[in-house]
Amino acid sequence: MTSSTPPVVRLVDLRETPLEVEEVLASLDDDAAGGLTLFVGRVRDHDGGKGVVGLDYSAHPTALARLRQVCEQVAADHDVQGVAALHRTGSLAIGDVAVVVATVASHRGQAFAASRDLIDTLKSEVPIWKHQRFTDGQDEWVGTP
């Protein structure tokens with residue numbers, strides 16, 4: 001017997017190729033959902049008062065599995081119909097999309113709470129590290145153990 005109910009964790013991936021917001025939105029299309037909350041993280045041109053020229057993301061070999069676990073935990077902790085998370089790896093330029101997370105729920109409050117939990121937990125628990133390159137020639141690793 002098959003269920004017509006789609007899985008709650010709909011899309012999870014780490015990619016060296018550009019992320020598409022439309023793919024995330026399509027994965028969460030659900031007639032039962034009244035609210036969809038989307039967060040798109042982009043590479044900015046500054047950090048800590050210094051100019052940024054670009055960055056690189058590196059992921060531990062367990063990062064994808066850990067990202068999936070985070071998505072599953074958020075789905076279990078919040079009343080949502082769908083969860084999606086994509087994160088870039090490799091070299092990114094200013095303006096590139098680095099991360100896309102989204103949730104759908106019956107109501108906006110549930111979707112907002114789940115999406116906030118998803119991005120915050122991803123940032124704190126998934127082993128993905130950022131190497132920033134600054135305009136003054138210096139560099140910095142962020143999020144390394």
Side-chain angles (χ1 to χ4, degrees), residues 2-48 50-135 139-145:
T2 60
S3 172
S4 62
T5 304
V8 175
V9 176
R10 309 267 183 95
L11 178 63
V12 180
D13 205 6
L14 300 177
R15 299 183 179 163
E16 287 193 23
T17 56
L19 305 181
E20 298 292 334
V21 171
E22 295 79 14
E23 178 185 12
V24 173
L25 294 175
S27 76
L28 294 175
D29 189 28
D30 192 320
D31 289 343
L36 183 149
T37 302
L38 173 75
F39 173 78
V40 178
R42 299 179 43 204
V43 178
R44 63 183 176 271
D45 68 356
H46 67 280
D47 189 37
K50 297 171 81 170
V52 172
V53 294
L55 55 82
D56 301 291
Y57 279 106
S58 300
H60 188 273
T62 62
L64 181 57
R66 185 65 189 116
L67 180 56
R68 179 168 294 284
Q69 290 171 343
V70 166
C71 288
E72 290 168 352
Q73 188 61 53
V74 166
D77 290 348
H78 298 272
D79 186 15
V80 295
Q81 279 86 29
V83 174
L86 298 176
H87 202 296
R88 275 289 299 273
T89 58
S91 293
L92 283 75
I94 303 304
D96 283 351
V97 175
V99 61
V100 181
V101 300
T103 62
V104 290
S106 294
H107 302 283
R108 70 179 176 270
Q110 296 158 327
F112 274 112
S115 288
R116 159 116 17 219
D117 190 14
L118 180 56
I119 190 61
D120 289 349
T121 306
L122 181 163
K123 296 288 283 177
S124 68
E125 297 184 13
V126 178
I128 298 172
W129 307 294
K130 178 170 57 174
H131 181 219
Q132 296 187 113
R133 298 181 310 278
F134 296 107
T135 55
D139 66 338
E140 168 186 61
W141 283 93
V142 180
T144 56

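Quantities reported herein were computed from a predicted structural model and do not represent experimental measurements. For this chain, numbers begin at 1 and follow the sequence in order.
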Between Thr37 and Thr103, do the side chains contain a donor N or O and an acceptor N or O under 3.5 Å apart? no
Checking Ile94 against Val53 for the side-chain contact (heavy atoms from CB on, under 4.5 Å) test, could you report, in this order, the C-alpha distance in whole Å, the side-chain angles of both residues, the deciding distance, and whether it holds? CA-CA 7 Å; Ile94 303 304; Val53 294; 5.8 Å; no
Minimum heavy-atom separation for Leu86 and Glu23, please, with both atom names. CD1-OE1, 4.0 Å
Do the non-hydrogen side-chain atoms of Glu16 and Ser91 ever get within less than 4.5 Å of each other? no
Contact between Ile119 and Val99 at the side-chain level, heavy atoms closer than 4.5 Å - yes or no? yes
Euclidean distance, Leu64 CG relative to Leu14 CG, rounded to 0.5 Å: 5.0 Å
Whether Glu20 and Arg15 form a salt bridge (side-chain N of Lys/Arg under 4.0 Å from carboxylate O of Asp/Glu) is what I want to check. no
Thr121 versus Gln73, side-chain donor and acceptor atoms under 3.5 Å: no
Report the distance from atom CG of Leu19 to atom NE2 of His87, rounding to the nearest 0.5 Å. 8.5 Å
So which heavy atom on Ala111 is nearest to which on Ala105, and how close? N-CB, 3.7 Å
Find the distance between CG (Asp120) and CZ (Phe39) and round it off to the nearest 0.5 Å. 9.0 Å
Check whether NZ of the Lys or CZ of the Arg Lys130 lies under 6.0 Å from the centre of the six-membered ring of Tyr57 and within 45 degrees of that ring's axis. no
Can you confirm whether the side chains of Gln132 and Asp47 place a donor and an acceptor under 3.5 Å from each other? yes
Could you report the tightest heavy-atom contact between Ser115 and Val101, atom names first, then the distance? O-CG2, 4.4 Å
Any donor-acceptor pair under 3.5 Å linking the side chain of His60 with the backbone of Thr62? yes
Taking Asp96's backbone N and O only, do any of them form a donor-acceptor pair with Arg42's side chain (distance below 3.5 Å, no angle check)? no
Taking it one step at a time, do Leu118 and Val83 satisfy side-chain contact (heavy atoms from CB on, under 4.5 Å)? CA-CA 9 Å; Leu118 180 56; Val83 174; 3.7 Å; yes
Measuring from Leu11:CG to Leu28:CG, what's the distance to the nearest 0.5 Å? 7.5 Å
May I have the step-by-step check of side-chain contact (heavy atoms from CB on, under 4.5 Å) for Leu55 and His131, ending in yes or no? CA-CA 5 Å; Leu55 55 82; His131 181 219; 5.9 Å; no
Any side-chain heavy-atom pair from Arg10 and Asp30 closer than 4.5 angstrom? yes
Provide the closest heavy-atom pair for Leu38 versus Ala102 in the form atom of the first, atom of the second, distance. CD1-CB, 3.8 Å
Using a 3.5 Å distance criterion without hydrogens, assess whether the side chain of Ser27 forms a donor-acceptor pair with backbone atoms of Val24. yes
Selection residues 52-67 - residue pairs positive for salt bridge (Lys or Arg N to Asp or Glu O under 4.0 Å), sequence neighbours left out: Asp56-Arg133, Arg66-Glu125
Do Val97 and Leu92 make a side-chain contact, defined as non-hydrogen atoms from C-beta onward lying under 4.5 Å apart? no
Start with the C-alpha gap between Gln81 and Val8, add the side-chain angles, then the distance that decides, and say whether side-chain contact (heavy atoms from CB on, under 4.5 Å) holds. CA-CA 5 Å; Gln81 279 86 29; Val8 175; over 6 Å; no
Compare all side-chain heavy atoms of Arg44 with those of Val52 and state whether any distance is below 4.5 angstrom. no
